[in-house]
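This one's a predicted model, so the numbers in the text were calculated from it and none came from an experiment. Naming convention: chains lettered A, B, ... in sequence-line order (proteins, then strands); numbering from 1 in each chain.
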Amino acid sequence: MPKLKDIKILPPKGSHWREKAVFYIAVICGLGLFMAKESRVTSYLTDDPQACVNCHVMTPVYNSWMHSSHREWANCNDCHVPHDNVFNKYYFKAKDGLYHASVFTMRAEPDVIEMKEASQEVVQQNCIRCHVQQVTQAKYDGWIEGHSENRLGRQCWSCHKQVPHGKVHGLSTIQNNIAPLPTDSDEMVIPSWLAEAVNKE
Amino acid sequence: NRKSEAKYRYTPAVSIAENEPRNEVWGQNFPKEYQSSLQTKDTNFISYQGGSKMRDMLEEDPRLVILWSGYGFSKDYNQGRGHAYAIEDIHNTLRTGGPKGEGDGPMPATCWTCKSPDVPRLMNEKGIAEFYSGKWADKGSEVVNSIGCADCHDPNNMKLRITRPALVEAFDAMGKDINQATHNEMRSLVCAQCHVEYYFNKKLPGKEGVPYLVLPWKNGMTVEAMEKYYDDLEFSDWTHGLSKAPMLKAQHPGYEIFSTGVHADRGVSCADCHMPYKSEGGQKFTDHHIQSPLNNVSNACQVCHREETKNLIKNVYERQRKAAETRLKLEDLLVKSHIEAKKCWDLGATEAQMKDILTDIRHAQWRWDYSAAAHGGSFHSPVETARVMGSALVVVQEARVKLARLLSDLGHNKPVEMPDISTKEKAQEFIGLDMEKLHADKEAFKKNLLPKWLEEAKAREDKMPIVNTVSAVEK
Amino acid sequence: NRKSEAKYRYTPAVSIAENEPRNEVWGQNFPKEYQSSLQTKDTNFISYQGGSKMRDMLEEDPRLVILWSGYGFSKDYNQGRGHAYAIEDIHNTLRTGGPKGEGDGPMPATCWTCKSPDVPRLMNEKGIAEFYSGKWADKGSEVVNSIGCADCHDPNNMKLRITRPALVEAFDAMGKDINQATHNEMRSLVCAQCHVEYYFNKKLPGKEGVPYLVLPWKNGMTVEAMEKYYDDLEFSDWTHGLSKAPMLKAQHPGYEIFSTGVHADRGVSCADCHMPYKSEGGQKFTDHHIQSPLNNVSNACQVCHREETKNLIKNVYERQRKAAETRLKLEDLLVKSHIEAKKCWDLGATEAQMKDILTDIRHAQWRWDYSAAAHGGSFHSPVETARVMGSALVVVQEARVKLARLLSDLGHNKPVEMPDISTKEKAQEFIGLDMEKLHADKEAFKKNLLPKWLEEAKAREDKMPIVNTVSAVEK
Ligand SMILES: [Ca+2]
Ligand SMILES: [Ca+2]
């Protein structure tokens, strides 16, 4: 579906969007039930990163994020969804989610996923959203050397290659992909023999 | 189907049984994690106060011999090294003595609890209280694999799990349910199975006489909360050889102290620093070479801190040095208090005269030990470590002022002469240890009993099946 | 060397003279900075142990009265509040007494040094040693503007500058050149002109008799280095009223302690937290409302820490509470040592018997004061603060054990009775202060002399020119 790559995220303008929308609606109708069951669509609307791991293709990025400096502060949506206004947030999410879902459902996922240009723009804005003072204010020079010059023109992760997914990318970069699923909270963290033994006490 | 594929996607070579104790079996499915865990055998790294090298703590600081007079730790105490040595070290330590066979030796079976993945296996087979029962020597042929996969993982899906009842029971006692732990909390809780303060309770209702492993967390994990816990129970680990104080031993309250620090506050877990991600051949995995993060700063610290390695190490050393400065002074004062108390007894002091003083000594040394026993504490939570030592300094001062008055009453109004404890040997001689005998007993054990244990174990394990999986199994 | 600084392009309304002391004149050119600096008049914020509210430290903690017996601080001591109050507070404090005119009163002129931008002006006009000479009252009509622009800025280009000789001389003494300071270092050094430990040296060669302001940094800024400095000089600030120990007063070693903390290590400067950027009408400027950052967490902390305000404040309070816990216990012990020493004297102890004990008391209290006097210290550098208190606890223990022995020699082998010092009033009565007289003298001063000073000053300043600039000047 090469055309999808051309989508720009910013507010819908003109008939370009309508065309796609029709397509997405079709996707929903066709795969709705399947999706709801298989990928827990409702959880996808939350900010819980575990929602993203419903797809195994998202486990490498989940795991690299989980081991990153941002785990405690920024979840997927903090970076990958626009935060300039509520409308944009959900619009982007819906579009993105449905896009991923359709690619995924058709087993068309590539080995190395790359951010679309639109996503890149969103992420960049989000880096800046959180770090604006650090990267723009000359007065923090003593702390972060060299950010005094305007670095906003480059992608932050061209330097900060580790943030947050690490330098190496691709579906096969993380062995033994094990990531917690939303259902994990229902399960016990102690083996059943031990649970029984302790309960007996 | 795909959903579970996401959960667990690999081609297992063998199928791993529920309580498989042999790490090499797990290693066939997870070679990278297994190989890296073998690196805990490396003993070449040494830092200011940590590292994987064997470090004889009593030699580095002979005051400890005095502080633990009358207790096993005065015979032998080393700083922890890699997980791969857990079994070897508990065989070798003089603390476990030289048992000649079943039913012999100073230590209970409970000592095995934190040393091996054979433990969950045995507990499952025999029952928990039964596992804790009997002598350490009784289970020598059963516990042979050093700390490993089954201690922390569920073989069905490799999820982290808690296999030690003491931690589960401690959560219960605090009114918490460990099953509610988040994934990230689990990345510290697996360590909290072992890196925690504990004691052996022989008076548990229904289990009288069994040295049952308990974490004294009921009132909380602070030094005061645990002190109160033990005071309320009138529990003591031993009676001091010199001062006759009813003592408490704090063993590595690593998790407890860590929890009070800023890293814990920010959601950083043990695994973040001690088991960071590692890249090998373009693949990332959790480094199971659990060690001092100072041997691995780029993966362990620089993920979060854009700071030079040199400086990060400097930060750590600085906190450790500051803590050590206060700690050593505190130890000097504790040593003095024991020797002064002994002098009082020698001069004919009565129980009544000594009571308060001994309670002070108990509390002061407990607080010192709490701040010292977890070797990482002075970095994990420098401010809490310092606070605890401050409180110990205040209590030991109380003791020593009272001692000065009592000594004067007993006719000795001047400083008490201190023994020469400049080396471990001198200190051990002073407290009356027969080191030659201890070493000889240990040698005999290593020559006679130990080889038998290992033989028996091998025979037993050879009979345990390893089930090869023929094709990629989808679970 | 200094980084190139941002050039300020502005249209000055007036041209500012080299040592212009009147903040409102500078304010005509820099209204935002000036307006925000006026907010230091706000006294509504109060935190766990800081804030801009007037806090009577002696009332909150009457032990201080005993610790400073025989010294001005036992009369009156408040926690610092906003810069705008520097002049009012030094007028009002009982420490400066109730001078009736020139040459009268307990304090030297040197006391003005850190209170006003009139100081650089006067030093320039009269000379430095001449400024320090004479009584505090002698310069009452000359120093009237509260801390302000000329203290920190060069009027020609608004660059930060050092206007106090003591700091420049201290750098010299350490073999450093303050002119090599980077721009970022300057953002702390302007504060280090005042928020530093100091003493008055009356024996400087060539300046004998002048209470010359010196920062005792020659051997370094640690508590030990400064202690050695004073010991070598055999300097003492006063002789204690109860114990007769030759005491040292540590005054707000804010910069010194801060320098040992992790924020300093990472290049964070005082101004980052106490003078963060602020946005007003789309314009950014440096917030000159210098205050507790806890009243301004979003600008002061969240620039670097995207952590909830509540949690950041909790972090600060936790460090402060832990320090306070140890500090209060330490104070109790210091109080005891003074009272016990007094008891010794009362029972006829000799100088020789007391000498070592008094030295211990001197050192222990110095270390306590060093850790306590800079109100921000327990957050700025919690680990160093704790280390210093730990060392004080060890020294005061030495003193008290010796005291117990000496008391016993003197026939008093039991605890010494402690006075009731549960309130500031009781404590002040115990040490023999005539508070009524002190208050009456102060009232008289405020009624008689002070209004004259202000009048004279007004007349003098009315004659000082303000030069309006006609056109926009580009610098
Ligand atoms: Ca214990
Ligand atoms: Ca001073």
Proximal component of [X], with respect to chain A [non-hydrogen, under 4.5 Å]:
X	answer
B:V168	side chain
B:M186	side chain
B:D172	side chain
B:Q302	neither

Q. Side chain, backbone, both or neither: which part of A:L194 has a heavy atom under 4.5 Å from chain B?
A.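 Interface part for A:L194: side chain.
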Q: Would you mind checking which part of A:Q162 comes under 4.5 Å of any heavy atom in chain B, side chain (CB onward), backbone (N, CA, C, O), both or neither?
A: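 Looking at A:Q162, nothing touches chain B.
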Q: Examine the side chains of A:E121 and A:Q125 and answer whether a donor and an acceptor come within less than 3.5 Å of each other.
A: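 Their side chains do contain a donor-acceptor pair, which is all the 3.5 Å distance test asks for.
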Q: Decide whether B:N124 and B:R121 meet the rule of one side-chain donor and one side-chain acceptor closer than 3.5 Å.
A: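 No, no side-chain donor-acceptor pair sits under 3.5 Å.
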(Q) I'd like to know which of B:N184, B:L189, B:T163, B:T286 tops the heavy-atom pair count under 4.5 Å against chain A. (A)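 Winner by heavy-atom pair count: B:N184.
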(Q) A:H131: which residues meet the side-chain hydrogen bond (donor to acceptor under 3.5 Å, both in side chains) condition with it, sequence neighbours left out? (A)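 Testing A:H131 for side-chain hydrogen bond (donor to acceptor under 3.5 Å, both in side chains), a comparison that skips the adjacent residues, returns A:Q134.
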(Q) Atom CZ of residue position B:R306 - does it have more than 12 heavy atoms of other residues, nucleotides or ligands inside 6.0 Å? (A)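 Check fails, neighbour count at 12 or below.
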Q.
Tell me whether B:K314 at atom NZ has more than 12 heavy atoms from other residues, nucleotides or ligands lying less than 6.0 Å away.
A.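 Correct, the count exceeds 12.
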Contacts table for residues 266-273 of chain B: side-chain donor-acceptor under 3.5 angstrom, sequence neighbours left out:
{"from": "B:R266", "atom 1": "NE", "to": "C:E307", "atom 2": "OE1", "distance (Å)": "3.4"}
{"from": "B:R266", "atom 1": "NH1", "to": "C:N315", "atom 2": "OD1", "distance (Å)": "3.0"}
{"from": "B:R266", "atom 1": "NH2", "to": "C:N315", "atom 2": "OD1", "distance (Å)": "3.0"}
{"from": "B:S269", "atom 1": "OG", "to": "B:R187", "atom 2": "NH1", "distance (Å)": "3.0"}
{"from": "B:S269", "atom 1": "OG", "to": "B:D272", "atom 2": "OD2", "distance (Å)": "3.3"}
{"from": "B:D272", "atom 1": "OD1", "to": "A:R71", "atom 2": "NH1", "distance (Å)": "3.1"}
{"from": "B:D272", "atom 1": "OD1", "to": "B:R187", "atom 2": "NH1", "distance (Å)": "3.0"}
{"from": "B:D272", "atom 1": "OD2", "to": "A:R71", "atom 2": "NH1", "distance (Å)": "3.4"}
{"from": "B:D272", "atom 1": "OD2", "to": "A:R71", "atom 2": "NH2", "distance (Å)": "2.5"}
{"from": "B:D272", "atom 1": "OD2", "to": "B:S269", "atom 2": "N", "distance (Å)": "2.9"}

